[in-house]
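For reference, the structure discussed in these notes is given below.
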Amino acid sequence: MRTTRTVPARPVLIVTLTLATAGSLLLGPDAAGADPKPVTREGAAVDDHAAQAPASAARRALAAPEETSTGTATRGYPRRQVLSPDPENPGDKSLKLGLTPYHAIAPKLNALQRLGDRVSVEVTGRSAGGHRLYLVTVTAPETTRQARAQERMRELIENAPAAAAKSPEIKRAYKTPVFVNSNIHGNEWEGTDASLKIVERLATAKDARTRDLLARSRLYFNITANPDGRIAGTRANAGGFDLNRDFVTASQPETRAMRQTELDKQPAVLLDLHGYVNGTLIEPTTPPHGENYEYDLFLKNSYANALGMESAVNALGHTPAKDGVEPAQIPFRDQEEGWDDWPPVFTPQYAAFHGTVAAHTVEIPLAVNNEEYDELPVAELRRRSAVNTAVAGAAIRATLDHVREHRTSLIADQIEVFRRGAAGAPQVPVSPETVPGVPGIGPEDVYTTDFPRAYVIPPGGSRTQRSAPAAARLVDHLLANDVRVTRAARPFRLAGRTYPTGSYVVDMHQPKRGMANALLADGRDISGDVSVMYDISGWSLGRLWGATVEQVPSGSLRGAPLHPVTEAAPVARVPAHGDLRLRLTDPREIAALNSLLQQGVRVRQAPDGSVIVPASARREAVAAARAHDVSFTATRLTGGTPLHRLRVAAAVTPGELFALREMNFDVTPVSTAVLNSGFDWSGTDVLFVSAGLDHAALTAPARSALDTFLDGHGLVGRGAGGAALNAAADRLAVEPVEGNTDANGVVRTENTGRVTHGAPAQAFVYAPLWFTGLGPGVRVEQSYATGNPLVSGHWRPLPDGTGGPAAAAGQASVVSGARTVLFGTEPLFRDHPKGEFPQVARALFTVAHSGSVEESG
């Protein structure tokens, strides 16, 4: 939990809001403003608890998307369907709060559909835990022809924004899309109940304002974005993931469902309902602001809507003295820093790249989760939940009023976002002149970037020594995020360089250039801009996903032999004769290797770190190549270390556990508690530790069993947790040095060892660690680059001058020896840095198959 610094508030703009009339969705204005106060964010950025997610959650997340009832055909509204009921679950954590349990949602939605012709329900997918995800649409009825017209206008807005800006039909008839996202953090419940109440009100209201709203808008409600967490009372889903950190990676099915809704519906306005900050916190945010957004349009609309929500929330009449509720606050106006919109991992910030021009995290006020859930009386919890539901409802109603009153300008500004991208127009820096009506804009709010002319992603392959699976995965990920990609039909020249046939090109003159740049660019070092960051500050897929990504600053694509693609070209290939070689530079290749080992194929590890598969296993290799889209090459290499299927015990974070399963390792989650309960080590080959295993907290029998296991088996450690176990077990003679624990981002590295052979020359760090005082037999596998190793992110020294990037420069970031490998980097962080995954796989195989790393080198 982190609290920001507070400063005197920016000047408050005094606005006059139209008083509500009878039957209006509007709430009356309130003069109460938000006093400056600390902003507190809930939930540690780095998970230090050992993950226990079931393997089934990973299987669901890694499986191909299942068919959903949304389909692809354009149909009219309403789109009714009868939802089958879920079994009643008396253990649903919502019940204690007097809120709607998950099993009651389907019957409730069935009842809402029966109220009239305004409510439709669709299933957008299933959660990692297997629960249905419901999207409710509320709008005036549409024929199929009218729905097709809406879709045609939506596509025109994105694909031909210059024409859309002049379209009288869009100005007259296009329905403003609004997206209300609830319960993305499972133990922040009340947004779901507020949404259900609003939907019921809209389904039956007869007043003219409601009729006008629904005739000119489509309102989409994601009823619970995280049903797993709602039921269990956890922030994360069944896979252990914080879904509001997953939008860049999209590792989880719930995230992909939300992403698809944003792509399909193209909301101009979005609310993401959270808890708990007292008083209610309503974005827009403090600096730093995302440099790839059209922030002038985003700030203009978000601030105006925030004022309406603030007034509506304060008008409920809650006070600190009466019921413990503070006035609402708007970080942009009321805070200096600490609640930023820099990384696009948060729902509203990600939505901005898909045309959302007013987007908000709304943090309702009264805590009912964590220790409050366990310690407060039920009556008090229900009182708080009722207050929170009312606050969330006020925010939704105020937003709908804003949409009704400002429909024309919202759509015009959405069109302008796409027009700038398609035209390659410059960004407009925020200022009092460019964003009139927003108080206190200063130079600290100006974040812009210079978009390149294009990005080129060479196809990879054995001749180039680039990772073909990585290039294909990156291209497919760009396409899934609605970034347009083309492919070269023959070699071509661009900005003085020749690129081979099959190269992928991302033309940055496209409507969603901000999305493309946010994913592919290096990012920037913002260490000097703000004193602290809450979450990740660097995330570059161009640096971290293993593919070669080349930025082309300028030049012309005219005449280049480029054709649009809808998916990456297949990589799978197996030569017809001879033994086979598989490089281990990508997680897909690791997964293919593990599938072969699982089948008993006799695989050997070559001196260069690749593996050799005998010609007799060609059929199995063909199946693995197709399943994992990897390429084998013919080889005459002989010898090498025989490999066997590894059984890994892992005390790791949820993201690390998921990444291990993504690479098809046989993993058993462990922790201090698991070992103290009596863990059977006989089925384990290697131990991987980063979180949740405290040697000192083990019982004597558990400690003895662990020590006995480590006497003859390998250890891979990551971060402070891994280094602590290394010291307790007296393995590698090293001195771990912890850097600033708030630091995170992309860093330059130098690879010098077998474990890191072929790895990219950069890594991801969060709470970076390095190793000094290296004793006999300790080998440096990787070091932080000299100079300033930080490429992008936020890494400052501690107040005493230690712990910064200068202190880490040139120091060992990965070390090995004595059947042990220790990482000071975060090669599996949140399942994100795909190009770094093979380092961990190599480490596991190396320590499990040799007496020591140095002997096997």
Side-chain angles (χ1 to χ4, degrees), residues 43-51 53 58 61 236 239-252 255 342-346 470 477 519 523 533-546 586-587 590 650-663 667 688-692 716-723 738-749 756 759-760 762-770 782 784 789-795 808 813-814 821-841 843:
V46 179
D47 197 326
D48 58 357
H49 300 289
F241 275 73
D242 183 332
L243 301 174
N244 203 40
R245 305 292 183 273
D246 192 43
F247 278 95
V248 165
T249 310
S251 69
Q252 299 302 291
T255 313
W342 178 253
V345 296
F346 309 123
H477 191 69
L519 295 177
M533 288 289 290
Y534 173 64
D535 207 80
I536 63 168
S537 308
W539 55 85
S540 171
L541 276 61
R543 289 272 187 166
L544 297 175
W545 273 39
D586 187 86
I590 305 297
V652 294
T653 66
E656 290 170 326
L657 179 60
F658 188 88
L660 291 171
R661 287 169 170 162
E662 183 177 334
M663 291 186 286
V667 188
F688 181 21
V689 173
S690 67
V716 175
R718 198 274 304 158
E738 293 188 48
N740 189 333
T741 57
D742 288 326
N744 67 85
V746 182
V747 295
R748 284 181 288 268
T749 58
T756 59
Q762 51 271 324
F764 183 81
V765 295
Y766 210 128
L769 193 77
W770 55 93
Q782 182 189 83
Y784 294 108
L790 186 66
V791 174
S792 60
H794 189 274
W795 187 355
S813 54
V814 183
V821 176
L822 299 178
F823 288 88
T825 59
E826 283 262 14
L828 305 181
F829 183 76
R830 294 182 187 163
D831 193 52
H832 176 67
K834 307 289 187 180
E836 316 298 316
F837 288 12
Q839 297 176 41
V840 172

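Just so you know, these numbers come straight off a predicted model, no measurement behind them.
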CD (Q252) and CG (L243) are apart, to the nearest 0.5 Å, by 6.5 Å
Say you draw a straight line from NE2 of H832 to CG of D246; how long is it, rounded to the nearest 0.5 Å? 10.5 Å
Are the side chains of Q839 and V821 in contact, using a 4.5 Å heavy-atom criterion? no
Test side-chain contact (heavy atoms from CB on, under 4.5 Å) on L544 and W539 and set out the steps. CA-CA 8 Å; L544 297 175; W539 55 85; 5.6 Å; no
Is it true that the side chains of S813 and Q782 contain a donor and an acceptor less than 3.5 Å apart? yes
Roughly how far, to the nearest 0.5 Å, is OG1 of T741 from CG of L769? 11.5 Å
Less than 4.5 Å apart, side chain to side chain, heavy atoms only: is that true for V765 and E826? no
Could you grab the distance from atom OG1 of T825 to atom CZ of F764, nearest 0.5 Å is fine? 10.5 Å
Min side-chain heavy-atom separation L660-F688 under 4.5 Å: yes
So, T756 side chain and A759 main chain: donor-acceptor pair closer than 3.5 Å or not? no
Tell me whether D535 contacts the main-chain N or O of R245 through its side chain, where contact means a donor paired with an acceptor under 3.5 Å. no
Do the side chains of T749 and P789 get nearer than 4.5 Å, heavy atoms only? no
Heavy-atom closest pair (F658 atom, F241 atom, distance to 0.1 Å) is CB-CE1, 3.6 Å
What's the shortest heavy-atom distance between V747 and L790, and which atoms? CG1-CD1, 4.1 Å
Are P760 and R543 side-chain neighbours, meaning at least one heavy-atom pair lies under 4.5 Å? no
Return the orientation label for the W795 and W770 ring planes: parallel under 30°, perpendicular over 60°, tilted otherwise. tilted
If every non-hydrogen atom of P654 is compared with every non-hydrogen atom of G239, which pair is closest and at what distance? CB-O, 3.9 Å
Is a donor from one side chain sitting under 3.5 angstrom from an acceptor on the other, for E656 and S690? yes
Do the side chains of N744 and F829 get nearer than 4.5 Å, heavy atoms only? no
Nearest 0.5 angstrom please: E836 CD to F823 CZ, how far? 9.5 Å
Which value, rounded to the nearest 0.5 Å, describes the distance between E662 atom CD and S251 atom OG? 8.0 Å
Are the side chains of M663 and L828 in touch, meaning some heavy atoms are under 4.5 Å apart? yes
Looking at P827 and P833, what are the two nearest heavy atoms and their distance? O-CG, 3.4 Å
Between H477 and W545, is the gap from one ring center to the other below 6.0 Å? yes
Shortest non-hydrogen separation from V248 to P344 and the atoms involved: CG2-CG, 3.7 Å
Pairwise side-chain contact, K834 with D586, heavy-atom cut-off 4.5 Å (strictly under): no
